[in-house]
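Every value quoted in this text rests on a predicted model; they were computed, and no experiment measured them. First the proteins, then the strands, lettered A, B, ... as listed; each starts at 1.
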Number of protein chains: 2
Amino acid sequence: MKQDFLEIFQKIAPDLMGTVKERYLLLRHISDAEPVGRRTLAGISGLSERVVRAHVDVLRRSGIVRFTTMGIALEPQGKEMMPDLLECFLRLNRLDEMQQYIRQKLRLKEVCIVPGNCDSDKTAKDELSRKGALLLADLLDGVKTVAISGGSTMAGVAATLPENASGVAVVPARGGIGNRVEFQANVIAAQVASKANGTYHMLHIPDGLSESTLRVMLRSDMQTKKIVAMAKTAEVILFGIGRSDIMADRRELTVAERKKLTDDGAVGEALGSYCNVSGEVVYATNNVGISLTELQHNLHVIAVAGGSSKAKAIIAVMRACHTGTLVTDEAAASEIAKLI
Amino acid sequence: MKQDFLEIFQKIAPDLMGTVKERYLLLRHISDAEPVGRRTLAGISGLSERVVRAHVDVLRRSGIVRFTTMGIALEPQGKEMMPDLLECFLRLNRLDEMQQYIRQKLRLKEVCIVPGNCDSDKTAKDELSRKGALLLADLLDGVKTVAISGGSTMAGVAATLPENASGVAVVPARGGIGNRVEFQANVIAAQVASKANGTYHMLHIPDGLSESTLRVMLRSDMQTKKIVAMAKTAEVILFGIGRSDIMADRRELTVAERKKLTDDGAVGEALGSYCNVSGEVVYATNNVGISLTELQHNLHVIAVAGGSSKAKAIIAVMRACHTGTLVTDEAAASEIAKLI
DNA sequence: TTTAAGTGGTACGATTTTCGTCCCACTTAA
DNA sequence: TTAAGTGGGACGAAAATCGTACCACTTAAA
């Protein structure tokens, strides 16, 4: 069997997962402190008394727990199944706890973790992109403009985005980078627009221009100015996160620039900004578009990145970002949780 | 370990299982006839349009299906998971279908099937008893009298019955049989009464008396008469089913009697009545209490028996019984389904 | 081209279910 | 004896679910 029933279940009934988790939590507490009463149980589990009653009532009918005058206790068969139950939910709950932990530590709005490791597992990378795409799809209705960055992960998001008729306008978050055409923000923006039956605009600015050249270009090109403005006021901004050393390679920075990066402790890159582990932007490429520190004005900020090798980069960038939703994978998340 | 989660899930969230099964069914139908519309889907699945809508909405949010102008279709990732999904639900659905099939063919009120084979698997036997006990427990409130037969399965029911304060009166369904004290109906009735904080009565009549002796005893013993009357009007009657040859051994029948049994095609026994595979009672022991053919007057009739070796016996007895709930196991059920 | 069947989307009121919040009789241990 | 805690029961409010329409649109047959 390739996929756990648990994963399948999570796919076809994510709305019921909350109920199941509550039951599991209750059983854990009952197992810890049996016999224990409804109200006490409600207190330590954070649920209301009434829902606790509803849950234990089902569990009683299943013969897992018993109601005694001293409280709710596990039946022998319930006790018997506890180890299996724990093992089953261990991973699930670990992801849950990590989500909460990372969210609080990094002060983010939300954190999503998909199982697996993007570095070694191709399907995990697919899952990551898919999760990002689903989050984006849920936002598309009631939104006018979406800005999206480049990179292989964003390309995956664009590829797995379900078709819809939201008709949003999609713009690249930053100018061009690298030489793989399929990972260009322009191309990805076009692909997303196609899936959403919307419009797209391009930013024809190469990376690594001198500041003066950039200024000249901007002065003469009203179109670019308009698109940059659109990106800055986009309700949704979606971007990937890269390791600073790898991104330096891809941008073909000079030796001097790379030395400066390492000297300043840069570990992560996103939207052209290189950050150190404290969340400070230590270097920024000369290009147009949104930068990391401007994200507060956007309604929905979504960062997608996975793989244990990117853990430090993710910490750095999300600290610099201060807000938004992080979509990552199990491997990166556990590494992040270890580091912070 | 993977398979375990399904069973565990069934234990801790049996109420959600219906929803999950509906989703599974819908996915099967979508997979069969994609792209297919809401109303068509509602028609072939037997669900209401609104419910179908709610389900596919969840599935869409999970990225499993896609809504197109031609109908609902599977996303690539949904198509990918279908084989696993089918495998996961194969067993579950087989049990479901068998329940329906046996219920209709044998014209019973209800059929419950627990996984496994009681003949070879001790835990399956526990599950069987437990299921019977749970059914009984659900009935106890609002009921005054329960009649129960003897046998190892009934002993298991009594042992796994959750304690409760229903205070029912428990009587043995029939007089004594065999020589194992722990399987006597009297003892089991007492045990059930103890668990239910109720009262119990005994039937001090040994098996195999001559008819004249029996008559004499009954004439002089008003107590026995009263208890037999209680048993016959009990709202709940619970009994096990045995193979006729084995029961003949246990009752130590004479060679002539056994020959008559085999000649008449007796295969199953319950409540002192030996039945052939057509459901005709071909021989009845000389004892007091309820007999198989009188069960129509009882509100709830529950037969509990499992193991593939008992398949024929179960068919015979349940055909003679005409009504009631049958609790059996997977092995017996598949054998029964094959035979009828 | 026209037409009829079928599609997803939307809306709204009725129904059912869930939930919050009491009180009660009872058990238990201090 | 008392005080804390137990499960059970009940009832009205709140919420989710559900039935049932209608709509604009696509599609494929006529």
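Taking only side-chain atoms of A/Arg50, from C-beta outward, the nucleotide of D/dT6, C/dC19, C/dG8 with the closest atom is C/dC19. Minimum atom distance to the side chain of A/Val51 is reached by C/dG20, of the listed C/dG20, C/dG9, D/dG7. Here the side chain of A/Arg53 is nearest to one of D/dA10, C/dT10, C/dA29, namely D/dA10. Of the candidate nucleotides D/dT20, D/dA28, C/dC23, D/dA28 has the atom lying nearest to any side-chain atom of B/Met70. Comparing D/dT20, D/dG7, D/dG5 by their closest approach to the side chain of A/Thr40 singles out D/dG5. Side chain of B/Thr69, nearest nucleotide from C/dG9, D/dT26, C/dT27: D/dT26.
Regarding B/Ile30, its CD1 atom lies at a distance of 13 Å from the C1' atom of C/dG8, rounded to whole Å. Regarding A/Leu59, its CG atom lies at a distance of 16 Å from the C1' atom of D/dG7, rounded to whole Å. Note: CG (B/Leu16) to P (D/dA16) measures 17 Å, nearest angstrom. A straight line from CG of B/Leu47 to P of D/dT20 spans 15 Å, rounded to a whole angstrom. B/Asn197 has its CG atom 14 Å from the C1' atom of D/dG7, to the nearest Å. Taking atom CD1 of residue B/Ile72 and atom C1' of nucleotide D/dT27, one finds them 17 Å apart after rounding to whole Å.
In terms of heavy atoms, B/Pro172 sits closest to B/Ala231 at O-CB, 4.1 Å.
Here the side chain of B/Lys109 pairs no donor or acceptor atom with the backbone of B/Thr323 at under 3.5 angstrom. Panel note: side chain A/Lys131, backbone A/Val327; no donor-acceptor pair is recorded below 3.5 Å.
In the interface, the side chain of A/Arg38 is paired with the base of D/dG8 through a donor and an acceptor atom under 3.5 Å apart. Interface remark: the A/Arg39 side chain does form a donor-acceptor pair with the D/dG7 base, using a distance-only criterion of under 3.5 Å.
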Exercise for review: Mind running salt bridge (charged side-chain N to carboxylate O under 4.0 Å, His left out) on A/Arg61 and B/Asp15 for me, showing each step along the way?
Suggested key: CA-CA 10 Å; A/Arg61 264 189 248 282; B/Asp15 51 332; over 6 Å; no
Exercise for review: Before giving the answer on salt bridge (charged side-chain N to carboxylate O under 4.0 Å, His left out), spell out for A/Glu127 and A/Arg130 the whole-Å C-alpha distance, their side-chain angles and the decisive distance to 0.1 Å.
Suggested key: CA-CA 5 Å; A/Glu127 284 294 320; A/Arg130 192 173 302 158; 3.0 Å; yes
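Each end of the helix from C/dT1-D/dA30 to C/dA30-D/dT1 yields a helix axis from five base pairs, and these two axes differ in direction by 30° (to the nearest 10 degrees).
Paired with B/Arg23 under the rule side-chain contact (heavy atoms from CB on, under 4.5 Å), one option of B/Leu26, B/Leu27, B/Val20, B/Thr19 passes, and it is B/Thr19.
Take the nearest nucleotide of DNA chain C for A/Glu49 and for B/Gly37: the residue whose nucleotide is more 5' is B/Gly37.
Residue contacts for A/Val52: at a heavy-atom cut-off of 4.0 Å it reaches no nucleic acid atom on any strand shown.
Annotation: B/Tyr24, atom OH; neighbour count of heavy atoms from other residues, nucleotides and ligands within 6.0 Å is above 12.
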